[in-house]
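Chain A is the first sequence line, chain B the second, and so forth, proteins listed ahead of strands; every chain is numbered from 1. All figures in this text were calculated on a predicted structure; none of them were measured in a lab.
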Protein chains: 2
Amino acid sequence: MITEEDRFRDHLKKKGLKFTSERKLILKEVFSSHKHFDVEELFGRLRKKDRAISRATIYRTLPLLIESGLIREALRCRDRFYYEHVFGHPHHDHLLCIGCGKVIEFRDERLEKLQNEVCKKYGFELIEHRLGIKGYCKKCQKKISKST
Amino acid sequence: MITEEDRFRDHLKKKGLKFTSERKLILKEVFSSHKHFDVEELFGRLRKKDRAISRATIYRTLPLLIESGLIREALRCRDRFYYEHVFGHPHHDHLLCIGCGKVIEFRDERLEKLQNEVCKKYGFELIEHRLGIKGYCKKCQKKISKST
DNA sequence: TCTGCGGTTGCAATTCAGTCTCAATTACAA
DNA sequence: TTGTAATTGAGACTGAATTGCAACCGCAGA
């Protein structure tokens with residue numbers, strides 16, 4: 001079974017890059033939880049460990065993880081990118097609640113198919129897509145209707 | 001017939017804000033072309049007119065145009081927001097070419113419907129959505145196959 | 001038309017995420 | 001073990017976006 005570390009090592013080797021202890025720690029931390037994360041949060045989590053890692057290194061490592069197909073930019077919200085795992089987690093899209101920030105993941109085969117159709121129609125080669133739906137979750141709808 | 005200016009004036013009035021000459025010029029410039037634009041470009045275009053307008057004012061005005069439902073952030077690319085008209089232009093999604101930056105707009109009713117279905121399923125109230133598909137346009141596919 | 005209030009402007013200073021520089025360090029292949 | 005090219009962290013830097021402030025001005029009421 002291939003692990004995320006195998007995958008990362010492979011990618012680095014192919015590019016003639018090194019598997020350093022910093023990259024290993026970042027990889028480990030990224031895959032220690034399945035939640036969406038941003039750079040600041042990751043930096044904070046890493047700082048708490050025995051070995052702090054500089055922001056610069058994190059900013060340099062994330063693109064490598066993306067190239068390796070391990071993570072991707074999932075959504076943008078309040079001017080920040082949030083990343084999520086790709087490795088071991090099937091593709092999905094997001095419902096993002098404007099009220100409470102809650103993120104609901106969903107997958108709909110029909111949407112995927114339709115997107116492929118659209119691309120075919122325009123002779124476009126699909127590399128990746130991102131669908132973000134913003135609105136209000138159930139709870140926040142109730143809150144709003146109460147307050148008015 | 002309601003013009004974009006009417007709409008903007010209305011919105012400003014509702015918020016107790018003024019319809020200044022600067023805001024008028026920005027509005028006019030924004031609606032002088034249907035292409036996507038970013039702040040720098042808009043600033044450049046305005047600077048060429050008789051009357052230059054500061055970046056700060058542009059940054060302060062764009063949110064007002066968005067609130068008015070006249071424009072929206074359409075896509076983000078190379079760390080910049082690109083805006084597009086909403087007023088007078090039916091909703092659509094984007095194909096963005098990674099190779100040349102070309103943007104193709106498309107609209108697919110079935111996609112819209114499916115999204116509504118998904119929202120219903122999760123009890124989610126849809127406010128807006130953004131679907132961005134990244135890949136390679138026809139031309140760039142040819143370029144790539146030639147160079148390899 | 002005139003006046004005054006409060007919103008608005010431009011400028012320059014500031015913020016802040018993200019990038020870059022560079023000297024010291026380290027992975028790794030031979 | 002060694003040579004070398006990649007990598008690191010710290011802090012300087014960048015550039016988009018925001019803010020504080022004094023001068024300015026739209027506009028409703030007189």
ask   = Whole-Å distance between C:dC11 P and B:I53 CD1?
value = 11 Å
request  = Compare the minimum distances between each of D:dA10, C:dA12, D:dA17 and the side chain of B:F81, then state the nucleotide with the smallest one.
outcome  = D:dA17
note = Between CG of B:L64 and C1' of C:dT8 the distance, given in whole Å, is 11 Å
message = In this structure, how many angstroms lie between the P atom of D:dT8 and the CG atom of A:L62, rounded?
response = 12 Å
key: Residue-phosphate contact under 4.0 Å: A:Y59 side-chain N/O, C:dG18 OP1/OP2   = yes
DNA chain C: 5'-proximal contact among B:G16 and B:A52 (nearest heavy atom) = B:G16
query = In the hydrophobic cluster built from side-chain contacts under 4.5 Å, what are the other members alongside A:M1?
reply = none
request  = May I ask you to check whether B:S32 and B:R45 show a side-chain donor-acceptor distance below 3.5 Å?
outcome  = yes
message = Restricting to side-chain contact (heavy atoms from CB on, under 4.5 Å), what partner residues turn up for B:I98, sequence neighbours left out?
response = A:I127, B:K134, B:Y136
message = Please report the distance, rounded to the nearest Å, between NZ in B:K15 and P in C:dG7.
response = 12 Å
ask   = Are B:R55 and D:dT18 close enough that a side-chain N or O sits under 4.0 Å from OP1 or OP2?
value = no
query = Starting at CD of B:E40 and ending at P of D:dA17, how long is that distance when rounded to a whole Å?
reply = 8 Å
inquiry  = Across nucleotides 21-30 of chain D, 5' to 3', mark each nucleotide with B, S or - according to how protein heavy atoms within less than 4.0 Å reach it.
reply    = -----BS---
ask   = Can you list every pair that meets salt bridge (Lys or Arg N to Asp or Glu O under 4.0 Å) and has a residue in residues 81-103 of chain A, with sequence neighbours left out?
value = A:R72-A:E84
key: Contact list for residues 33-77 of chain B, test ring pair (Phe, Tyr, Trp, His ring centres under 6.0 Å), sequence neighbours left out   = B:H34-B:H85, B:H34-B:H89, B:H36-B:H94, B:F37-B:Y83
Least distance between heavy atoms, A:R7 atom then A:S68 atom = NE-O, 3.1 Å
query = By the rule that ILVMFWY residues connect when side-chain heavy atoms come within less than 4.5 angstrom, directly or transitively, which residues belong alongside B:F124?
reply = A:L95, A:I104, A:F106, A:L111, A:L114, A:V118, A:Y122, A:F124, A:L126, A:L131, A:I133, B:L95, B:I104, B:F106, B:L111, B:L114, B:V118, B:Y122, B:L126, B:L131, B:I133
ask   = What's the CZ-P distance between B:F43 and D:dT18, to the nearest Å?
value = 15 Å
note = Separation of D:dA10 atom P from A:I58 atom CD1, nearest Å, is 12 Å
